[in-house]
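First comes the structure, then the notes that go with it.
Chain letters run A, B, ... following the sequence lines, proteins first, then strands; residues in each count from 1. Just so it is clear, the model here is predicted, and its values are computed rather than measured.
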Amino acid sequence: MSQRRQYPFHLIEPKWQKNWDEQQTFRAWNPNEEIPANHPFAARHGAKSMSGEAVAGGKAPKKFYILDMFPYPSGAGLHVGHPEGYTATDILSRYRRACGFNVLHPMGWDSFGLPAEQYAVKTGQHPRVTTEANINNFTRQIKSLGFSYDWTREVATTDVGYFKWTQWIFLKLYNSWFNPETNKAESVDTIKFPDDCKTEDHKRAYRDSKRLAYNAELPVWWCSDLGTVLANEEVIDGKSEVGNFPVVRKPLRQWVLRITAYADRLLEDLAIIDWSESLKKQQTDWIGRSEGAEVEFKIQNSKFKIAVFTTRPDTLFGATYMVLSPEHPLVTAITTETQKNAVQSYQKEISGKSDRDRTDATKEKTGVFTGGYAINPVNGEQIPIWIADYVLASYGTGAIMAVPAHDERDFEFAKKFNLPIIQVVQPNDPKTEWQGFTDDGVSVNSGFINGLVTSEAKKKITTWLKEKGLGKKTINYKLRDWLFSRQRYWGEPFPLIWKTDTAGNLYHEALSENMLPVLPPQLDDFKPTPGDRPQPPLGRAKDWANLPDGSIRELNTMPQWAGSCWYYLRYLDAKTNSSFVGKDVENYWMKAGGDKPGVDLYVGGTEHAVLHLLYARFWHKVLFDLGLVSTAEPFFKLVNQGLILGEDGQKMSKSRGNVVNPDDVLAEYGADAFRLYEMFMGPLQDTKPWNTKGVEGVYRFLGRVWRLFVDEKSETAYEQAETLAGNLTAENAKSAEKQNELLDLILLDGGITDAAATPAQLKTLHACIKKVTEDLDGMRFNTAISAMMVFINEANTWQNKPVTVMKTFLQLLAPFAPHIAEELWARLHATFGQVAPSLTYAPWPKFDPALLVESEIELPVQVNGKFRDTIKVPVDADNATIEAVAKASEKVQLFTAGKTVKKVIIVPKRMINLIVG
RNA sequence: GCGCGCGUGGUGGAAUGGCAGACACGCCAGACUUAGGAUCUGGUGCCGUAAGGCGUGAAGGUUCAAGUCCUUUCGCGCGCACCA
């Protein structure tokens, strides 16, 4: 660092961080907690303010729960993206405390996960050791930024006391089923068995098939590089989200969570939460609800029938062929001898293709005729059955009726293979070409639905199909059940065991709650077993896996998402060992305040749109159904922070060498400047590039703030002393006393007086209060900071700086740059012989509109809509006066000379426009 | 291909339909200085000596008045992508 420090942040920041730690300044208080009389919260609200009566009677301070997405503590440490969201929430937390709220602002660690396990594979170091070291590093980095977390509530998903309850919640899922009649989860004890379920084995099998957590063989994504299966949400463009490895689909027996049962509620409840439209749309698209009909087609000369799903049953008369996905189970049965070779070679060709290639919408259609025919149920027509890879086995029934006239894909396919195209929909605009017309219109060539508009035609034909037993209305979803088991070591073991029934079949059973937690075994070798079958590493711990009674433990572990599905609930009651969260506590933090359910504000990156945010909503709804939480939704308001790019405008990455390390920035400019810069860059939600020059800009601003308050001569004395003392830094400072001794050499500027503020000074201050307050409410941090810069630029010109004005300014600055604000706040009070009240809990200043009223205002004058001059008029001037003053302006007269004023438009207190001609 | 968002100085970005470019970076000039990569002061959209003219991706429209509203179009970003 070659330049002179703008102000001694290296002493101020550790000093106040230590002070906050010792005072537990940011403790959030649960119902019934007695607040120590010497805690600043008690000074503001009273020691008994959180008593049971106060909470029940609505007299307790209002709660505000403001949450960050907790990080995965990676070995790389914090990157500059983390503190962006964290700073925003910290500012709002501090603002809300000043406004009188009981603010819950916690932090924790999403600490199960693959990197620690992969490091263990490489080095043999146990993931717990790696994880602990990484958490320590993250803690150090986060604490050095001065965030106002309540650290007494810190949680890590890898803590035994935490994942015990993750396993407990899994048991709740396992022991519940979704009752379609009540549309909610219930205990499996309420399942009614069908009459043919007679034996215990039958009943068990039936019950197991209904559970919210079930074991089934289904096509899943297998990643051989990672040695584990993955959920749909973890696969992006045919590659694993983690590591970007190829994945393949294969049928495997796995644990699955029945999230599809909640598809409709997950959709509907998007309406009651305050999320961005784009995020809601991402979830909506992922769930992919689509209404239509299932129609059964008979196969000619065969006992088989094929069901198809269509959203356009009104076009059934136009179905001129049928297409099955190459994997459809009936393909072999339908295929004729002459087509056998062609069909088999096509199937083989397709199976060798990656999913990415198959689903490329731009590629040319391919397919093969099976030789078989189906009967169109509405008109008895024979239609050929083809197979083609544009029909997906995993969606709908894996088969479609093709209506080439009114479906783009079918149209393309029919043209290529010369299949008949029959019009059955007439576009409303007669000029529109009907071939390839896919919108709504009027049915034609369609027998009994002719002349009906599309919506009516759909209804009528669906009713007809139902009456004839040929089909029914259906709703299809893209959402699949959540694949919930992984072949990993570093995850929560399942609280499940496997036993053998009387017929020699394996069946699973849950451990009882009092056997939790299930700890993972000790292992030396964490490697995934090579091969193309999942082989959980836990299987190597034979002693652990095989229980004395002959049963075997479930060897898979839960995915990383399990822990993050409920951490926001554990924060509420982080240490309790008697439940996953206390009832009263949950009710206070999640529900108090009424119509806005859940966490008041949740800030994090957009990358979790269909992962964590969907999974957590699902778990929350199950817990809600079981009466374990009090709101239908976990997160009321959610804001996605934008990405911070490197200085080159590219995404930050090691390989590009454009990664900014927060530690470096902190060492050079301090935490306050770092925080301020991240907020000053631009709107929180926007993607924006990093610029070190910009950090210097806000750093200079803080320097100007500092110099506005302190005596320059005393600062010179301090600098000399500091040089003598060997240039103390936060790391090498020998003692806090030494630091404070040095800091005490700095005195307050003589211009700060207890004289009354002038009207102009009050106006400057109150304009700033207004702007900062409104911008905080709207989360417009960048413009709030610019308002404070305006204040400081103005205050720099003052001879006398009234202490009351300067104190209020520090309150505005405090949420953004808390360390410098605390230091100057303390100094102001000390200099004037006062005991400084806690800045954190000092009531947020209110702006006085009366002070902003002017006696005279400037008005822009336009001539024919073009700005020409500004005039000064009394604020209450009538229109005639304004017009006269405007016309008297020389500049205006330049443009009105020789012309007549035909019209005058005056917008009170805004502008005047003279129309001349 | 479909959906959403965004296009404003050299740069990041400000502007309830009412003085475009707040604030900051950068740049220019000056002051202080042995020095300046510190600090302070002033300037800085473009063209023009000036008066003035032009200017928010492009083209049209609504309006007394448009960066803002409407239509078309181009470009960028994000999401979805053969979902029947």
Taking atom [atom2] of [N] as reference, at what distance in whole Å does atom [atom1] of [X] sit?
X	N	atom1	atom2	result
Trp286(A)	C80(B)	CH2	C1'	10 Å
Asn691(A)	G10(B)	CG	P	17 Å
His406(A)	C82(B)	NE2	P	23 Å
Leu894(A)	A50(B)	CG	P	17 Å
Asp686(A)	G77(B)	CG	P	16 Å
Arg868(A)	C19(B)	CZ	P	15 Å
Lys651(A)	C78(B)	NZ	C1'	11 Å
Glu696(A)	U39(B)	CD	C1'	14 Å

At under 4.0 Å between heavy atoms, what does [X] touch on the DNA or RNA strands: base, sugar-phosphate, or nothing?
X	answer
Gly697(A)	sugar-phosphate
Lys281(A)	sugar-phosphate
Ile915(A)	sugar-phosphate
Gln282(A)	sugar-phosphate
Val698(A)	nothing

Paired nucleotide for [N] [Watson-Crick or G-U wobble; both distances under 3.5 Å]:
N	answer
C82(B)	none
A24(B)	U11(B)
C4(B)	G77(B)
C69(B)	G61(B)
A38(B)	none
U33(B)	none

Please check the phosphate of [N] (OP1 and OP2 only) for any side-chain N or O of [X] closer than 4.0 Å.
X	N	result
Lys688(A)	A24(B)	no
Ser278(A)	C78(B)	no
Arg704(A)	A24(B)	yes
Gln6(A)	U39(B)	yes
Tyr390(A)	A84(B)	no
Asn782(A)	A24(B)	no
Arg707(A)	A38(B)	no
Arg700(A)	G26(B)	yes

(request) Using the ring pair (Phe, Tyr, Trp, His ring centres under 6.0 Å) rule, take Tyr321(A) and Phe413(A) through it: C-alpha gap first, then chi angles, then the decisive distance, then the call. (result) CA-CA 10 Å; Tyr321(A) 63 102; Phe413(A) 192 81; 5.6 Å; yes
(request) Report the C-alpha distance between Glu291(A) and Lys458(A) in whole Å, list the side-chain angles of each, state the deciding distance to 0.1 Å, and finish with yes or no for salt bridge (Lys or Arg N to Asp or Glu O under 4.0 Å). (result) CA-CA 11 Å; Glu291(A) 276 187 32; Lys458(A) 279 182 184 172; over 6 Å; no
Choose from [options] the nucleotide whose nearest atom is closest to any side-chain atom of [X].
X	options	value
Phe867(A)	C19(B), U39(B), A14(B)	C19(B)
Lys693(A)	G26(B), A84(B), G18(B)	G26(B)
Asp285(A)	A14(B), C80(B), A84(B)	C80(B)
Lys365(A)	G12(B), A84(B), C82(B)	C82(B)
Phe895(A)	A84(B), G52(B), C54(B)	G52(B)
Ile400(A)	C40(B), A84(B), G3(B)	A84(B)

(request) Output the residues of residues 786-794 of chain A in contact with RNA chain B, where contact means a heavy atom of the residue under 4.0 Å from an atom of the strand; sort by number or write none. (result)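 Going residue by residue through residues 786-794 of chain A, the ones with a heavy atom under 4.0 Å of RNA chain B turn out to be Ser786(A), Met789(A), Val790(A), Asn793(A).
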(message) Any salt bridge linking Arg707(A) with Glu712(A)? Criterion: basic side-chain nitrogen under 4.0 Å from a carboxylate oxygen.
(response)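 Looking at Arg707(A) and Glu712(A), the cut-off is not met.
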(message) Taking Lys416(A) first and then Glu412(A), would you say they form a salt bridge - that is, a charged N and a carboxylate O separated by under 4.0 Å?
(response)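 The answer is no: the pair does not qualify as a salt bridge.
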(message) On RNA chain B, does the nearest nucleotide to Phe680(A) precede the nearest nucleotide to Asn476(A) from the 5' side, or the other way round? Give the residue.
(response)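 The residue whose closest nucleotide sits nearer the 5' end is Phe680(A).
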(message) Heavy-atom nearest nucleotide on RNA chain B for Lys903(A) versus Thr397(A): which residue maps closer to 5'?
(response)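 It is Lys903(A), whose closest nucleotide lies nearer the 5' terminus.
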(request) Mark yes or no for whether Asn913(A), through its side chain, and Gly865(A), through its backbone, hold a donor-acceptor pair below 3.5 Å. (result)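 Such a contact is found between Asn913(A) side chain and Gly865(A) backbone.
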(message) Using modelled atom types and a 3.5 Å cut-off, is there a donor and acceptor pairing between side-chain atoms of Ser443(A) and backbone atoms of Ala457(A)?
(response)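 Side chain of Ser443(A) to backbone of Ala457(A), a donor-acceptor pair under 3.5 Å: no, none is there.
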(message) Under the rule for ring-ring contact (aromatic ring centres under 6.0 Å, His included), what residues qualify as partners of Trp706(A), not counting sequence neighbours?
(response)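 By the ring-ring contact (aromatic ring centres under 6.0 Å, His included) rule, Trp706(A) matches Tyr7(A).
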(request) Rounded to whole angstrom, note down the P distance from A66(B) over to U56(B). (result)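 One P to the other, the span is 11 Å.
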(message) Give me the distance, rounded to whole Å, that separates C23(B) from U41(B) when you measure between the P atoms they each carry.
(response)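 My reading of the P atoms in C23(B) and U41(B) gives 13 Å.
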(message) By the definition ring pair (Phe, Tyr, Trp, His ring centres under 6.0 Å), identify the one residue from Phe9(A), Tyr699(A), Tyr677(A) that meets it with Tyr669(A).
(response)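 With Tyr669(A) as partner, ring pair (Phe, Tyr, Trp, His ring centres under 6.0 Å) holds for just one option, Tyr699(A).
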(request) Say whether Asn476(A) and Ser290(A), considering side chains only, have a donor N or O and an acceptor N or O under 3.5 Å apart. (result)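 No pair is found: no donor N or O on one side chain lies under 3.5 Å from an acceptor on the other.
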(request) Identify whether NZ of Lys or CZ of Arg in Lys415(A) sits under 6.0 Å from the centre of the six-membered ring of Phe411(A) and within 45° of that ring's axis. (result)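 Yes; both conditions hold, so Lys415(A) lies above the ring face of Phe411(A).
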(request) Name the orientation of the base relative to the sugar in G9(B): syn if the glycosidic angle is within 90° of 0, else anti. (result)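 G9(B): syn glycosidic orientation.
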